[in-house]
Amino acid sequence: MTQDTAAAVVMFSPAQRVRAIGVSEILRITDRANALKRAGRPVIVLGAGEPDFDTPLNIREAAVRAIGQGDTRYTVLDGSPAMKAAVQLKFRRDNALDFGLDEISVSAGAKQVIFNALMASLNPGDEVILPAPYWTSYADIVQICGGVPVPVACGEENGFRLTAAQLEAAITPRTRWLFLNSPSNPSGAAYSAAQLQPLCEVLLRHPQVWVLADDIYEHILYDGLAFATPVAVEPRLRERTLTVNGVSKAYAMTGWRVGYGAGPRALIAAMAVVQSQSTSCPSSISQAAAIEALTGSQDIVAERCADFQARRDFVVAALNRIPGLHCRVPEGAFYTFASCAGVLGKRTRDGALLQTDSDFCRYLLQEVEVAVVPGSVFGLAPYFRISYATSMAQLEEACSRIAAACEALT
Ligand SMILES: Cc1ncc(COP(=O)(O)O)c(C=O)c1O
């Protein structure tokens with residue numbers, strides 16, 4: 001290469017929209033934990049956002065049949081008619097909601113549904129209200145799509161739920177969406193119909209605000225609580241609500257990449273435009289598997305939920321026995337979101353001062369080799385999230401290590 005051509009090489013520079021988004025702290029923690037594991041350390045990683053059990057056999061068999069039958073071509077771009085019919089059935093059966101096939105969009109995961117919806121609807125500077133703690137990806141997707149995330153801190157005193165007064169105060173003329181995620185990642189908090197009602201009343205007064213209801217953890221809800229979703233609670237919101245769901249969590253199908261949304265035709269059509277120029281359609285084989293998940297036996301869903309509830313009970317009780325930690329009982333999902341306020345201000349054996357939840361999480365990884373995620377990543381500190389989608393044996397070991405680490409602080 002001559003000097004001239006060498007000088008012509010321009011270093012890669014990421015686009016502005018990507019530059020605003022840092023590498024996720026969750027990935028950083030997971031990378032660090034995995035590096036320790038590779039080095040032979042007995043690290044316990046409680047960061048995963050996916051069920052630890054296998055996709056049920058009937059679902060896997062449906063995919064094998066689809067391959068055998070040559071169901072291997074592009075499908076209709078936002079979901080095959082059979083897949084959309086399965087989603088239609090699911091909404092009728094589980095939520096008493098009736099959607100036409102042209103009010104349904106199927107994508108490669110709920111995440112892509114959310115991405116498509118924001119890509120299709122946000123103009124630069126549009127605001128999206130995110131009750132905090134929130135799933136980190138919400139804020140990143142909003143920013144990629146040119147919007148402005150507006151986090152609203154929802155404290156433990158109201159069970160990590162948004163109040164009507166907070167919602168009213170957060171709405172501006174630029175507000176385009178309110179995100180509601182129940183049960184929530186990371187807090188596990190869920191809204192009952194009675195708790196959604198006052199929020200719906202506020203929304204009725206602000207017709208420019210749309211609602212994105214992320215119901216992905218619908219089937220992981222404990223203590224016999226009844227699941228509630230905004231459109232079912234307030235049908236007048238139907239013309240401006242996108243109800244998002246998927247098969248990842250309920251059927252342990254995170255790798256299959258199928259999610260879906262139901263909402264107003266015009267939005268669904270705009271989302272199809274976005275999808276048509278990105279992935280073209282979800283995988284035909286994964287859609288065949290998802291059809292079986294949604295229309296086949298649902299017994300596994302309740303069985304897994306019972307398993308998760310036993311783990312929740314164990315982890316919450318174990319954390320609440322540790323001086324300095326405090327954990328509210330989550331209503332659903334597979335996460336605990338415990339406060340570590342009581343250990344901040346203390347020192348490690350090396351004399352380091354723990355000032356933030358990130359310090360505490362780093363300390364847990366260094367001292368006792370347990371990887372958990374700080375609340376600040378989800379927009380609310382000082383907390384830490386444990387994913388209890390892992391074996392009881394691992395959870396017992398992890399909780400006793402966390403107890404030992406807290407005891408060692410002075
Ligand atoms: C709140 C929430 N919504 C959506 C998703 C994405 O699910 P999917 O695998 O369907 O993209 C997740 C996954 O962690 C989640 O926690």
Side-chain angles (χ1 to χ4, degrees), residues 24-27 29-30 45-52 55 59 78-79 83 87 90 104-119 128 130-142 144 149 151 154 160-162 177-191 211-221 227 229 242-262 271 275 278-279 282-283 286-287 289-290 293-294 308 330-337 373 375 377-380 385-390:
S24 132
E25 173 92 6
I26 301 184
L27 285 185
I29 292 165
T30 315
V45 184
L46 302 179
E50 60 184 345
D52 54 321
T55 303
I59 299 173
D78 62 353
M83 177 66 206
V87 171
K90 176 262 173 280
I104 291 169
S105 183
V106 183
S107 295
K111 189 184 248 177
Q112 198 192 9
V113 176
I114 297 168
F115 186 87
N116 289 348
L118 294 189
M119 204 66 177
V128 179
L130 303 178
Y134 52 80
W135 183 42
T136 326
S137 291
Y138 293 154
D140 292 340
I141 297 172
V142 169
I144 286 181
C154 301
F160 299 118
R161 292 183 202 92
L162 182 69
W177 289 93
L178 162 69
F179 274 38
L180 284 174
N181 173 215
S182 169
S184 149
N185 173 10
S187 72
Y191 292 80
V211 183
L212 192 145
D214 182 345
D215 295 351
I216 193 94
Y217 294 99
E218 169 180 11
H219 293 298
I220 308 173
L221 188 61
F227 177 74
T229 192
L242 180 68
T243 303
V244 178
N245 211 320
V247 294
S248 287
K249 315 290 176 174
Y251 307 96
M253 291 178 70
T254 46
W256 298 79
R257 309 311 301 131
V258 179
Y260 52 86
M271 288 164 61
Q275 183 148 297
S278 52
T279 55
S283 145
S286 294
Q287 289 184 73
L294 294 177
F308 281 134
E331 289 87 14
F334 38 67
Y335 310 101
T336 56
F337 199 65
V373 186
V377 165
F378 308 101
L380 199 73
R385 187 192 77 171
I386 284 180
S387 163
Y388 52 85
T390 188

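Count residues from 1 along the sequence. Both counts, for ligands and for their atoms, begin at 1 and track the order of listing. Given the structure is predicted, the values throughout are model-derived calculations rather than measurements.
Contact record, S184 with P186: OG-N, 3.5 Å, taken as the closest heavy-atom pair.
Between F308 and F334, the two ring planes are tilted [angle within 30° to 60°].
When the options N181, T229, T243 are evaluated for a side-chain hydrogen bond (donor to acceptor under 3.5 Å, both in side chains) with D215, the one that passes is T229.
Atom CG of L118 sits about 4.5 Å away from atom CZ of F179, to the nearest 0.5 Å.
Between the side chains of Q275 and S105, no donor N or O sits under 3.5 Å from an acceptor N or O.
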Q: Could you go through the ring pair (Phe, Tyr, Trp, His ring centres under 6.0 Å) check for Y217 and Y335 one step at a time?
A: CA-CA 11 Å; Y217 294 99; Y335 310 101; 5.7 Å; yes

I'd like the atom pairs linking ligand 1 to the protein - N or O on both sides, separation under 3.5 Å - with distances to 0.1 Å.
unit_1, atom_1, unit_2, atom_2, d
ligand 1, 3 (N), D214, OD2, 2.6
ligand 1, 9 (O), S248, OG, 2.7
ligand 1, 9 (O), R257, NH1, 2.8
ligand 1, 10 (O), A110, N, 2.7
ligand 1, 10 (O), S248, OG, 3.2
ligand 1, 11 (O), A110, N, 3.1
ligand 1, 11 (O), K111, N, 3.0
ligand 1, 11 (O), R257, NH2, 2.8
ligand 1, 14 (O), K249, NZ, 2.7
ligand 1, 16 (O), N185, ND2, 2.8
ligand 1, 16 (O), Y217, OH, 2.8

